[in-house]
Amino acid sequence: MIDLRNQTSEDIVRELSSTVKKLSDIYSGERSLMTLCPEGLPSLKNVKEIMSLLWKLMFPELFFERTAIVSRLEYRIGLTTERLFELLQEEIAIGLSCRPNRKDKEMIDHYPEAHDFSMHIISFLPELKRLLYSDIHAIIRKDPAAGNEVEIILCYPSVKAMLHHRFAHLIFSMNIPYLPRIISELAHSETGIDIHPGATIGEYFAIDHGTGVVIGETCIIGNNVTIYQGVTLGAKSFRYDGDGAPLNIPRHPIIEDNVTVYSNATILGRITIGHDTVIGGNVWVTESLPAYSKVIQGRIRNDNFPNGGSN
């Protein structure tokens with residue numbers, strides 16, 4: 001630590017100037033961020049605005065002014081969609097410039113490709129809204145404490161988590177770096193629900209409470225699945241390449257339709273949980289389960305097996 005008490009003003013200025021110069025030399029070193037993204041870095045401010053605009057477009061009745069709802073709703077939605085498109089094109093272009101497999105280090109105009117991606121995303125918004133409302137209706141059907149759609153949208157963290165996830169998953173499927181992870185981590189920080197944008201999740205997905213939920217990158221979840229707080233759908237172990245780096249291969253569970261997973265259950269590895277299975281709280285599962293199984297504190301029961309299949 002520098003002791004400034006015995007230094008002259010000239011010494012202090014010299015020391016501070018040296019520090020400022022070192023901090024400003026962003027192009028130095030092999031791991032400089034500018035060598036990873038030479039055409040610019042993603043903007044957290046822009047991504048936050050993207051998600052704010054998307055939230056309004058999904059639920060315009062709740063988040064536009066009352067006067068707009070009565071007389072100028074379509075106009076306001078048009079302006080919001082236009083702004084969303086502009087921000088998407090800018091951030092996607094930056095993301096494309098950061099792709100690790102880029103063929104050369106010359107400055108390339110990524111805006112035409114970003115334009116096409118952004119148009120595809122905008123055209124997907126009605127389907128995104130349909131999927132999101134399927135999640136809302138799943139909560140209504142499965143949570144007796146849920147009053148109506150308005151209460152769920154305003155008060156249930158799973159709605160924000162799934163809006164972020166379904167949007168991020170679409171962008172992730174386009175192989176655009178950074179933007180999907182930034183979107184998912186914004187939701188993680190606000191809701192405590194951690195869903196990797198690579199996870200595939202079907203319709204009518206309900207997360208009750210939600211705090212501490214973790215869903216890994218290669219997880220596949222079917223339709224009408226319900227999970228509670230603290231559930232982990234994770235990897236059991238990793239395989240490595242010749243250089244000792246972990247391989248990005250399917251390593252998370254497959255959850256089939258109509259499965260319920262209660263609080264703090266942990267399901268690990270590339271295993272399959274058969275449809276219509278119920279997994280109780282605090283259970284650790286590392287092997288596949290057939291359809292209609294019931295797992296409670298380490299005991300497996302299957303009503304399709306002789307004697308209930310208990311063990």
Side-chain angles (χ1 to χ4, degrees), residues 42-95 111 114-143 145-174 176 179-180 182-191 193 195 197 201-207 210 223:
S43 167
L44 292 176
K45 179 182 177 182
N46 283 352
V47 178
K48 289 179 180 179
E49 185 177 352
I50 285 171
M51 297 314 300
S52 176
L53 296 172
L54 186 63
W55 187 253
K56 292 179 179 179
L57 289 174
M58 293 297 101
F59 310 111
E61 310 95 323
L62 299 178
F63 298 106
F64 283 127
E65 294 82 353
R66 285 289 173 186
T67 54
I69 294 175
V70 175
S71 60
R72 304 183 68 192
L73 181 59
E74 186 171 343
Y75 173 73
R76 292 296 302 278
I77 290 176
L79 289 179
T80 304
T81 304
E82 183 178 354
R83 176 59 176 164
L84 176 63
F85 175 82
E86 292 173 353
L87 290 171
L88 280 172
Q89 184 173 237
E90 182 176 346
E91 292 307 310
I92 289 174
I94 291 174
Y111 273 85
H115 176 277
D116 293 342
F117 279 138
S118 300
M119 286 301 301
H120 177 69
I121 292 170
I122 294 297
S123 67
F124 181 77
L125 294 185
E127 173 64 8
L128 174 64
K129 184 170 184 175
R130 187 193 71 81
L131 289 170
L132 197 60
Y133 266 95
S134 80
D135 301 329
I136 293 169
H137 293 151
I139 294 171
I140 291 176
R141 292 203 310 257
K142 298 174 182 179
D143 184 2
N148 54 40
E149 288 89 344
V150 173
E151 180 179 350
I152 292 169
I153 292 167
L154 294 176
C155 304
Y156 279 58
S158 61
V159 177
K160 177 169 287 189
M162 288 309 298
L163 170 61
H164 281 66
H165 171 71
R166 294 195 184 281
F167 190 63
H169 180 71
L170 173 65
I171 301 172
F172 182 88
S173 68
M174 301 175 179
I176 298 170
L179 183 57
I182 294 172
I183 292 171
S184 65
E185 287 306 317
L186 287 176
H188 182 197
S189 66
E190 293 183 29
T191 67
I193 299 171
I195 309 176
I201 300 178
E203 301 178 3
Y204 297 93
F205 181 60
I207 304 176
N223 298 325

Could you pull out all residues at least two apart from His169 that satisfy side chain to side chain donor-acceptor pair (under 3.5 Å)? none
Asp143: which residues meet the side chain to side chain donor-acceptor pair (under 3.5 Å) condition with it, sequence neighbours left out? Tyr156
Pairs in or reaching into residues 118-132: which pass salt bridge (Lys or Arg N to Asp or Glu O under 4.0 Å), with residues at least two apart or in two chains? Glu127-Arg130, Arg130-Glu203
Enumerate the residue pairs fulfilling salt bridge (Lys or Arg N to Asp or Glu O under 4.0 Å) with a member in residues 151-163, sequence neighbours excluded, ordered by first and then second residue. Lys160-Glu190
Quick one: CG on Leu186 to OG on Ser184, what's the gap to the nearest 0.5 Å? 8.0 Å
Please name all residues satisfying side chain to side chain donor-acceptor pair (under 3.5 Å) with Gln89, sequence neighbours left out, ordered by chain then number. none
Is any side-chain heavy atom of Phe172 closer than 4.5 Å to one of Ile183? no
If you round to the nearest 0.5 Å, how far is CD1 of Ile193 from NE2 of His164? 11.5 Å
From CG (Leu128) to CG (Leu163), nearest 0.5 Å: 6.0 Å
Would you tabulate the side-chain donor-acceptor contacts of residues 48-58 under 3.5 Å, counting partners in other chains and residues two or more places apart, or write 'none'?
from  : atom 1 : to    : atom 2 : distance (Å)
Glu49 : OE1    : Arg83 : NH2    : 3.2
Glu49 : OE2    : Arg83 : NE     : 2.9
Glu49 : OE2    : Arg83 : NH2    : 3.4

For Pro180 and Ile171 the tightest heavy-atom approach is CG-CG2, 3.7 Å
With rounding to the nearest 0.5 Å, note down the distance linking CG in Leu125 to CD1 in Ile77. 11.0 Å
Among all residues two or more places apart in sequence or in another chain, which pass the side chain to side chain contact (heavy atoms under 4.5 Å, CB included) test with Ala206? Ala138, Ile139, Lys142, Thr226
State, to 0.1 Å, how close Pro60 and Leu73 come at their nearest heavy-atom pair, and which atoms those are. CB-CD1, 3.8 Å
Note: Ser43 and Asn46 closest approach over all heavy atoms is OG-N, 3.1 Å
Tightest non-hydrogen contact, residues Ala161 and Ala187, listed as CA-CB, 4.2 Å
Heavy-atom check, side chain of Arg166 versus side chain of Phe205, under 4.5 Å: yes
Nearest-0.5 Å distance that lies between atom CG in Leu62 and atom CD1 in Ile153: 5.0 Å
For the atom pair OH (Tyr75) and OG1 (Thr80), what is the distance rounded to the nearest 0.5 Å? 10.0 Å
Does the side-chain contact (heavy atoms from CB on, under 4.5 Å) test come out yes or no for Ile201 and Asp135, once each step is laid out? CA-CA 11 Å; Ile201 300 178; Asp135 301 329; 5.9 Å; no
Partner set under side chain to side chain contact (heavy atoms under 4.5 Å, CB included) for Met174, not counting sequence neighbours: Phe117, His120, Ile121, Leu170, Ile176
Listed partners of Phe85 passing ring-ring contact (aromatic ring centres under 6.0 Å, His included), at least two apart: His115
